[in-house]
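Remarks on the structure that follows.
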Amino acid sequence: MAIGATAIALTMFGVYFAVVEPAAKAERTDMIFRDAVKSKDIERFSDIVTLAGDRPAKAEAVRLLQWFGLQDHLDKAIDEIAGDQREFRKGKPSNSKTDLFDVVEQDGTLWFETYQLDLKKQNLIIESDVPATVWVDGERNGTIDEEPLELELYPGEYSVLVRAEKDGKTGEVREAVQVGEKPSSKMTVSLEAQLAPDLVGQYDVDIRKVFEMEVKAQTGRSLDEMEDFVGEKRGDLEKAFGKSERKLEGYSQYEGMQVRYRKGRIQEIRIDLRKSESDLLALTGEPERRVERGGAVVWEYPSSFFEEVFDWFGFGVKKEVLEVDGRMWLSLS
C-alpha cells in the first residue's frame with residue numbers, strides 16, 4: 001500500500017510538472033508575450049502574435065519586437081493583454097486605454113485554454129496646409145487634398161514623408177512617427193511657406209529698375225538725389241525744380257511729384273510711379289496688408305521686401321508705396 005501510494009503521488013507530481021504547470025503557464029499570455037519581447041525570441045513572439053490571423057514575416061516580427069522592446073510600450077501592452085484576458089474570460093468587452101490586440105481563444109490542455117494576440121492596426125491621420133503626397137517608409141501611401149489622409153498601420157515607428165510641388169518648387173517634411181502609443185495619432189505639417197515664391201526672385205532687379213526708372217523719368221534725378229532733399233530746406237528743392245504754383249491737400253504740386261513742407265523744410269516727397277494697382281500687383285505681388293492712413297492706402301510688404309529691395313535706397317529716409325485715388329506713389333519721408 002505504501003509503495004502504491006508513493007507511486008500515485010509520484011505520478012500526480014509528474015503529471016503536475018509535466019502537464020498541469022505548463023498548461024497553466026501557457027494560459028498566462030501576458031507573461032509569454034513579455035518573455036518573448038525581453039529575450040527577442042522571434043519564434044515565440046510569432047507563435048503568440050498574429051497579423052490578421054497569420055504569422056508575421058520575420059522582418060515584421062523583428063520590427064515589432066524592437067517597438068515593443070521599449071519599456072513604455074511593453075508596459076502598456078502587458079497591461080492591455082492581462083486586462084483583455086480577464087475580461088475575455090468574463091465575456092466582457094475590453095476596457096483597456098489602449099487597443100492593440102484582439103484576444104483569440106484556442107484549445108489548451110486539460111481545463112486550461114491558450115490565447116493568441118491578433119495585432120490591430122491603428123489610425124494615423126496626416127494633415128497638410130496644401131495638397132501633398134505621402135510616403136511611409138519609402139512607399140507612396142496616398143495624397144492629401146481637401147481632406148486629411150487617414151492610414152491604418154500596425155504599431156511601430158514609421159518614417160513619414162509629406163511632399164508638395166508648386167510652380168517648380170518642392171516643399172517637404174519628414175518625421176519619425178510613433179503609431180500605436182494611442183488608438184489614433186495625428187501628424188500635421190506646414191508646407192505653404194516652402195512653396196512661396198522666393199523674395200529674391202520676386203522682388204529683385206526688375207522691381208528695383210522700375211522704381212529707379214520712374215523716379216528718374218518723373219524728376220530727372222536719381223533716387224539717391226531725391227532722398228537727399230528730404231529734411232533739407234524748402235529753398236534747396238525750389239532751386240532745383242522751381243516754385244510750385246499749385247497746392248492740393250497740403251502738397252505742392254509738380255509734374256510727376258508732390259512735396260509737403262513743415263516749418264520750412266521738406267517733410268515728404270511723393271513720386272508718381274505711373275502704375276495702376278494691377279500693374280504694380282503684377283510686379284510685386286499682393287502686399288501683406290493694405291492700411292488706410294491720411295487719405296492714402298499704404299501697401300505694407302513683408303519686412304524682407306524692404307530689407308532686400310529697399311535697403312539699397314539708403315538709410316534715414318522712410319520709403320512707402322501708396323495708393324491714392326487709383327494712382328501708385330513712392331513716398332520718401
Side-chain angles (χ1 to χ4, degrees), residues 29-38 40-42 44-88 92-106 115-129 132-163 172-191:
T29 314
D30 53 333
M31 295 297 97
I32 298 172
F33 180 87
R34 184 198 64 185
D35 293 342
V37 172
K38 288 282 191 180
K40 296 182 174 57
D41 190 331
I42 295 175
R44 200 174 185 194
F45 180 85
S46 301
D47 285 339
I48 194 172
V49 177
T50 58
L51 308 181
D54 297 323
R55 286 174 64 92
K58 184 175 181 179
E60 183 71 0
V62 170
R63 187 184 68 79
L64 290 170
L65 279 170
Q66 290 175 340
W67 192 80
F68 282 114
L70 299 176
Q71 192 61 52
D72 184 50
H73 298 165
L74 181 58
D75 290 342
K76 288 180 180 179
I78 291 173
D79 286 344
E80 178 186 336
I81 294 168
D84 283 355
Q85 199 163 330
R86 285 193 301 269
E87 298 302 315
F88 183 88
K92 297 180 180 179
S94 170
N95 61 0
S96 172
K97 293 181 181 179
T98 55
D99 193 17
L100 296 171
F101 307 98
D102 278 332
V103 177
V104 181
E105 188 180 43
Q106 296 178 313
Y115 300 89
Q116 278 191 334
L117 305 171
D118 199 44
L119 194 60
K120 298 177 69 173
K121 289 186 175 181
Q122 310 290 304
N123 289 328
L124 174 62
I125 300 171
I126 306 173
E127 296 179 336
S128 169
D129 55 355
T133 305
V134 176
W135 281 262
V136 178
D137 284 350
E139 293 187 10
R140 177 171 170 157
N141 276 65
T143 58
I144 303 170
D145 296 307
E146 294 182 359
E147 298 294 330
L149 177 64
E150 294 190 26
L151 300 176
E152 288 190 339
L153 302 169
Y154 286 115
E157 180 176 290
Y158 295 88
S159 175
V160 179
L161 171 66
V162 184
R163 177 182 292 160
E172 63 179 43
V173 171
R174 185 188 299 273
E175 290 184 11
V177 179
Q178 298 289 338
V179 176
E181 293 184 335
K182 47 190 175 181
S184 183
S185 303
K186 181 179 287 187
M187 174 183 176
T188 302
V189 302
S190 177
L191 296 172

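Numbers here simply count residues along the sequence, with the first being 1.
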Mind running side chain to side chain contact (heavy atoms under 4.5 Å, CB included) on Tyr158 and Val179 for me, showing each step along the way? CA-CA 8 Å; Tyr158 295 88; Val179 176; 3.8 Å; yes

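- With respect to the salt-bridge test (charged N to carboxylate O, under 4.0 angstrom), the residues Asp72 and Lys76 qualify.
- Annotation: the span from Ile32 atom CD1 to Asp47 atom CG amounts to 9.5 Å, rounded to 0.5 Å.
- Contact of the Thr133 side chain with the Arg140 side chain is registered, since non-hydrogen atoms from C-beta on lie closer than 4.5 Å.
- For the 3.5 Å distance criterion, the side chains of Asp129 and Ser190 qualify, holding a donor opposite an acceptor.
- Considering CG of Leu151 and CD1 of Ile126, their distance stands at 4.5 Å, rounded to 0.5 Å.
- Listed here is the closest heavy atom pair of Leu65 and Ala36: CD2-O, 3.8 Å.
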Take Glu152 and Asn123 through the test side chain to side chain contact (heavy atoms under 4.5 Å, CB included) and record every step on the way to the result. CA-CA 5 Å; Glu152 288 190 339; Asn123 289 328; 3.5 Å; yes

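- Residues Leu64 and Pro155 come closest through the heavy atom pair CD2-O, 3.3 Å.
- The aromatic rings of Phe33 and Phe68 sit perpendicular to each other, their planes meeting at more than 60°, with 30° as the lower class boundary.
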Tell me, with the steps shown, if Ser159 and Arg174 meet side chain to side chain contact (heavy atoms under 4.5 Å, CB included). CA-CA 7 Å; Ser159 175; Arg174 185 188 299 273; 3.6 Å; yes

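- Residues Gly53 and Asp118 share a closest heavy-atom pair of N-OD1, 2.8 Å.
- For the pair Asp35/Asp41, no side-chain contact is recorded, criterion being any heavy-atom separation below 4.5 Å from C-beta on.
- Here the straight-line distance linking atom CG of Leu74 with atom CD1 of Ile81 works out to 8.5 Å at 0.5 Å rounding.
- Residue Leu161 holds its CG atom at 11.0 Å from CG of Asp137, rounded to the nearest 0.5 Å.
- Met187 has its side chain out of reach of Ile125: every pair of non-hydrogen atoms, C-beta onward, lies at least 4.5 Å apart.
- Residues passing the ring pair (Phe, Tyr, Trp, His ring centres under 6.0 Å) test with Trp67, sequence neighbours excluded: His73.
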Under the criterion side chain to side chain contact (heavy atoms under 4.5 Å, CB included), I'd like the reasoning laid out for Glu80 against Phe101: C-alpha separation, chi angles, the key distance, then a yes or no. CA-CA 8 Å; Glu80 178 186 336; Phe101 307 98; 3.8 Å; yes

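- The minimum heavy-atom distance linking Glu157 with Arg63 is given by the pair N-NH1, 4.1 Å.
- Smallest separation of non-hydrogen atoms from Lys186 and Leu124: N-CD1, 4.4 Å.
- Annotation: the span from Glu60 atom CD to Leu51 atom CG amounts to 5.5 Å, rounded to 0.5 Å.
- Annotation for Ser128 and Val162: closest pair CB-CG1, 4.5 Å, computed over non-hydrogen atoms.
- Salt bridge annotation for Glu172-Arg163: present, with a cationic side-chain nitrogen under 4.0 angstrom from a carboxylate oxygen.
- Going from atom CD of Glu127 over to atom CD of Glu147 covers 9.5 Å, rounded to the nearest 0.5 Å.
- In this structure a side-chain-to-backbone donor-acceptor pair under 3.5 Å is present from Gln122 to Asp99.
- Contact of the Ile144 side chain with the Val134 side chain is registered, since non-hydrogen atoms from C-beta on lie closer than 4.5 Å.
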